[in-house]
Amino acid sequence: MLQKIEELKAKVNSLKAESIAEVEALRIQFLSKKGEISLLFNDFRNVAADQKRAIGQALNELKNIAGEKINALRAELESADTIDADIDLTRTAARHPEGTRHPLSLVRDEITSIFGRLGFSIAEGPEIEDDWHVFSSLNFADDHPARDMQDTFFVHRGPEVLLRTHTSSVQSRVMEKTQPPIRIICPGRVYRNEAISARAHCFFHQVEALYVDKNVSFADLKQTLLYFAREMFGPETKIRLRPSYFPFTEPSAEMDISCNLCGGKGCSFCKHTGWVEILGCGMVDPNVLEACGIDSKEYTGYALGMGIERITNLKYQVKDLRMFSENDVRFLDEFRSGR
């Protein structure tokens, strides 16, 4: 009987299977109640008493070997069924949703790209500024309303330190350190002490442009504005300039574009005028040039500035400014195609 056990052990060790069904067939063949190993256990009663211990141990060992072999074959095949050779096993189990660019970032990059094609380079400056760069160097009078606490966030270190109310402070910093020609664009966040509503916020984003050189004229400014408007809103866009006042430019103007929703025919968005205001601009005041160390008799320049939120509203019709800063992923998902 020991010889039969050894023969069956060799047979079990050489078992192979190509499917789970074949493994199950092997289990029935060797380990079921009528299997080959079970039949040997049935013959065990006929073994002589002096051989029972040795044969019993051999039978138990054979049964364990057969069980381990069949379980190993089953595990190997089940593992192979779940692995695809083309799958990267190092990647995460679940697919992470892709992020989206913020609409303000999309519009800011588009604006800087348009001015970049005109030769403007990007300049940046600190958000915590001093009174000189935000107000005094830009020709703001000492009693100008913008200096009032109702409009400006002053830092506790004193009235000379504040959160910038416009990115024009970057222009004054550049003019102090650089002689013309200067051709820069200044994107950034600014702060004003205003009540938060659907139409206003205590912080927002601006892009300002500055060009200073010899013989720069208002005609150069107008042509730049027309180019920007048509690149940003379409080739059929029209512009108009209305006289205005800013301390740092003279003459000054505000620019309107033909409403891109109704094509200038009049709708609720443009208040049935056919025009929408988008920016302020003008020729740099000679006092600003002189304050920054530039000879106003030799050089002239123009400056313009716009709110990025305003341009974003025109392009995407976002009616509530608070949506830009509330971190609602449902809102951001609407701009997925604009990545």
Are any non-hydrogen side-chain atoms of [X] and [Y] less than 4.5 angstrom apart?
{"X": "Ile114", "Y": "Tyr227", "answer": "yes"}
{"X": "Ser325", "Y": "Phe203", "answer": "yes"}
{"X": "Leu321", "Y": "Asn313", "answer": "yes"}
{"X": "Ile278", "Y": "Phe228", "answer": "yes"}
{"X": "Glu309", "Y": "Phe324", "answer": "yes"}

Has [X] got a side-chain atom pairing as donor or acceptor with [Y]'s backbone, closer than 3.5 angstrom?
{"X": "Glu250", "Y": "Val284", "answer": "no"}
{"X": "Glu129", "Y": "Leu162", "answer": "no"}
{"X": "Ser252", "Y": "Gly282", "answer": "no"}
{"X": "Ser121", "Y": "Ile184", "answer": "no"}
{"X": "Asn13", "Y": "Lys9", "answer": "yes"}
{"X": "His205", "Y": "Pro187", "answer": "no"}
{"X": "Arg240", "Y": "Asp256", "answer": "no"}
{"X": "Arg242", "Y": "Glu254", "answer": "no"}

For residues [X] and [Y], report the shortest heavy-atom separation together with the two atoms involved.
{"X": "Ala17", "Y": "Val23", "answer": "CB-CG2, 3.6 Å"}
{"X": "Leu15", "Y": "Lys69", "answer": "O-CE, 3.3 Å"}
{"X": "Gly234", "Y": "Thr237", "answer": "O-OG1, 2.9 Å"}
{"X": "Val276", "Y": "Arg310", "answer": "CG1-NH2, 3.2 Å"}
{"X": "Ala66", "Y": "Val12", "answer": "CA-CG1, 3.5 Å"}
{"X": "Glu290", "Y": "Ser296", "answer": "OE2-OG, 2.7 Å"}

Under 3.5 Å, is there a donor-acceptor pair between the [X] and [Y] side chains?
{"X": "Thr249", "Y": "Tyr302", "result": "no"}
{"X": "Ser113", "Y": "Arg117", "result": "yes"}
{"X": "Gln206", "Y": "His166", "result": "no"}

Evaluate the side-chain hydrogen bond (donor to acceptor under 3.5 Å, both in side chains) criterion for residues Arg108 and Thr112: first the C-alpha distance (whole Å), next the side-chain angles of each, then the deciding distance (0.1 Å), finally the verdict.
-> CA-CA 6 Å; Arg108 179 202 61 203; Thr112 56; 5.8 Å; no
Parallel, tilted or perpendicular: rings of Phe135 and Phe140 (30°, 60°) = perpendicular
Option passing side chain to side chain contact (heavy atoms under 4.5 Å, CB included) with Leu138 (candidates Phe248, Trp132, Phe246) = Phe248
Begin from the C-alpha positions of Ser136 and Asp131 and carry the test side-chain hydrogen bond (donor to acceptor under 3.5 Å, both in side chains) through to its verdict.
-> CA-CA 6 Å; Ser136 298; Asp131 179 272; 2.9 Å; yes
